[in-house]
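This report concerns only the one structure given below.
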Amino acid sequence: MAIADPVTRGTVTPGTVTPGTVFPDTVFPDTVTPRSGAILDWYAAHQRDLPWRRPDATPWAVLVSEIMLQQTPVARVLPVYAAWLARWPSPASLAASPAGDAVRAWGRLGYPRRALRLHATAQALVERHGGQVPASADALRALPGIGSYTAAAVASFAFGQRHAVLDTNVRRVLARLVSGRELPSASPSAAERRLAESLLPEPPAVAARWSVAVMELGALVCTAARPRCASCPVAASCAWRRAGHPADGGPRRTQKYAGTDRQCRGRLLAVLRDCAGPVPGSQLEAAWADQLQRSRALDGLVADGLVDPLPDGRFALPGTHPVPGTH
DNA sequence: GAGACGTGGAC
DNA sequence: TGTCCAAGTCT
């Protein structure tokens, strides 16, 4: 008789299978293969205890974590995440606050437009989804700041659905393990998406767990630099390792930061964030010497909705100060 | 599809 | 010290 253990072994028949036996991944189509089983086992033993992975994490909490984690290290997210959910435990609570409060609470996480979009998403959830986070990946994808990765991640991790979750970690693991390349391409291809879907275990709950397991493997073991192959549960079947760890193509374009508009925007917004109320233009002038660049950056911040220009010439975080004639 | 968009820790 | 890098999205 067959025994179904969806989390670790798939469907096996006692007497015909011994633990640790190596099969090609085609032996158990539509179930959990030995390779994915090895990753699931590794995850069970080595996963980090992160607040958004705990059973009491709400879909809203998972959504908040996914937005904060975009391009941002876990260690820097943790304290902001905790403070954010303590203050805004539901979409409705965030929607009821001014957007500028969200930008201020975002602190120095970076890419503050994420705070603005998360606030807009909270409002959309109240207006169109009864204040709830939708379980549908398509509905999630339609929300501001939520792209294909985040939609799949929330549908998987908050609702236990079966979606290919293609973040940079998963893409790097698959590039090495299956394609024998050191690094993934600049953006996910259709072939990559098909590959990720083909590797997904069939039961939705197992697929969701597998996705987070591969992400964790990429974050802790199969890292971009100095991968810890000696600690990897699937090193034996890794195409990149078997090929001798060939280095990927040419020079990666390194993005400058010092002296850019980006840095200037960051400085200006930091002044607004660290002041309780509106600030005069003179205070912003002190934050950046180059007048032309400062003016351009400030215009950009206003255009993005991150800064409100007040009639008296001062500047404020959005929605934190009444602007006459806007309603 | 290339470029814009923050920030700070690690090596 | 400078470069690389971290659970992407939008235009």
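Bear in mind the structure is a predicted one, so any value in this text is a computation, not a measurement. Below, chains carry the letters A, B, ... as their sequence lines are ordered, and counting in each starts from 1.
Straight-line distance from the CG atom of A/D304 to the C1' atom of B/dG6: 13 Å, rounded to whole Å. Nucleotide C/dG8 holds its C1' atom 11 Å from the CZ atom of A/R141, rounded to whole Å. Across the protein-nucleic acid pair, A/Q70 atom CD and B/dG8 atom P stand 19 Å apart, rounded to whole Å. For the pair A/R296 CZ and B/dA4 P, the interatomic distance rounds to 11 Å; values are reported in whole Å.
Nucleotides B/dG9 and C/dT9, compared at atom P, are 25 Å apart to the nearest Å. For the P atoms, the distance from B/dC5 to C/dA7 is 23 Å, rounded to whole Å.
With distances taken from any side-chain atom of A/Y257 to the nucleotides C/dA7, C/dC5, B/dT7, the minimum falls on B/dT7. Taking every side-chain heavy atom of A/L69 into account, C/dA7 is the closest of C/dA7, B/dG6, C/dC10.
In terms of heavy-atom proximity, A/W52 sits nearest to A/A57 at O-CB, 3.6 Å. Here the shortest heavy-atom pairing between A/L268 and A/A297 reads CD1-CB, 4.0 Å.
Applying the salt bridge (Lys or Arg N to Asp or Glu O under 4.0 Å) test to A/D312 and every residue at least two apart in sequence or in another chain returns A/R314. With sequence neighbours left out, A/W106 forms a ring pair (Phe, Tyr, Trp, His ring centres under 6.0 Å) with A/W84. Residues that satisfy the ring pair (Phe, Tyr, Trp, His ring centres under 6.0 Å) test with A/H245, not counting sequence neighbours, are A/W240. For A/R87, the salt bridge (Lys or Arg N to Asp or Glu O under 4.0 Å) partners at least two apart in sequence or on another chain are A/D101. Residues meeting the salt bridge (Lys or Arg N to Asp or Glu O under 4.0 Å) test with A/E192, sequence neighbours left out: A/R171. Remark: A/R108 engages no residue in a salt bridge (Lys or Arg N to Asp or Glu O under 4.0 Å) (not counting sequence neighbours).
Pairs engaging residues 259-275 of chain A under the side chain to side chain donor-acceptor pair (under 3.5 Å) rule: A/Y111-A/R262, A/Q255-A/R262, A/D261-A/Q293, A/D261-A/R296, A/R265-A/D304 [sequence neighbours left out].
For the pair A/Q71 and C/dG8, the criterion of a side-chain N or O lying under 4.0 Å from OP1 or OP2 is met. Taking 4.0 angstrom as the limit, A/R76 places none of its side-chain polar atoms (N or O) nearer than this to OP1 or OP2 of C/dC5.
A heavy atom closer than 4.0 Å to some atom of DNA chain B occurs in no member of residues 81-90 of chain A. The stretch residues 262-282 of chain A touches DNA chain B through A/R262, A/R265, A/G266, A/R273, each having a heavy atom within less than 4.0 Å of the strand. Contacts between residues 109-121 of chain A and DNA chain B, counted as heavy-atom distances below 4.0 Å, involve A/L109, A/G110, A/Y111, A/P112, A/R113.
If you check every strand for non-hydrogen atoms under 4.0 Å, A/T168 touches sugar and phosphate atoms only. In this structure, A/W52 reaches the bases: a heavy-atom distance under 4.0 Å links it to at least one base atom across the strands shown. Note on A/T223: nothing from the nucleic acid sits closer than 4.0 angstrom, heavy atoms only. Within the 4.0 angstrom heavy-atom criterion, only backbone atoms of the sugar-phosphate kind lie near A/R172; the bases stay farther away.
In terms of position on DNA chain B, the residue among A/R226 and A/R108 whose nearest nucleotide sits closer to the 5' end is A/R108.
Across A/V77, A/V80, A/V133, A/L85, a single residue satisfies side-chain contact (heavy atoms from CB on, under 4.5 Å) together with A/V64, and that is A/L85.
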Could you pull out the protein-nucleic contacts involving nucleotides 1-3 of chain C (nitrogen or oxygen on both sides, under 3.5 Å)?
{"residue": "C/dT3", "atom": "OP2", "partner": "A/K256", "partner atom": "NZ", "Å": "3.3"}

Using atom types as modelled, flag every donor-acceptor pair under 3.5 Å from a side chain in residues 143-156 of chain A to any protein atom, sequence neighbours excluded.
{"residue": "A/Y149", "atom": "OH", "partner": "A/E66", "partner atom": "OE1", "Å": "2.7"}
{"residue": "A/T150", "atom": "OG1", "partner": "A/Q70", "partner atom": "NE2", "Å": "3.0"}
{"residue": "A/S156", "atom": "OG", "partner": "A/A152", "partner atom": "O", "Å": "2.8"}

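With hydrogens and angles left out, the side chain of A/S187 and the base of B/dG1 share no donor-acceptor pair within 3.5 Å.
The closest side-chain donor-acceptor pair between A/R114 and A/T72 falls under 3.5 angstrom.
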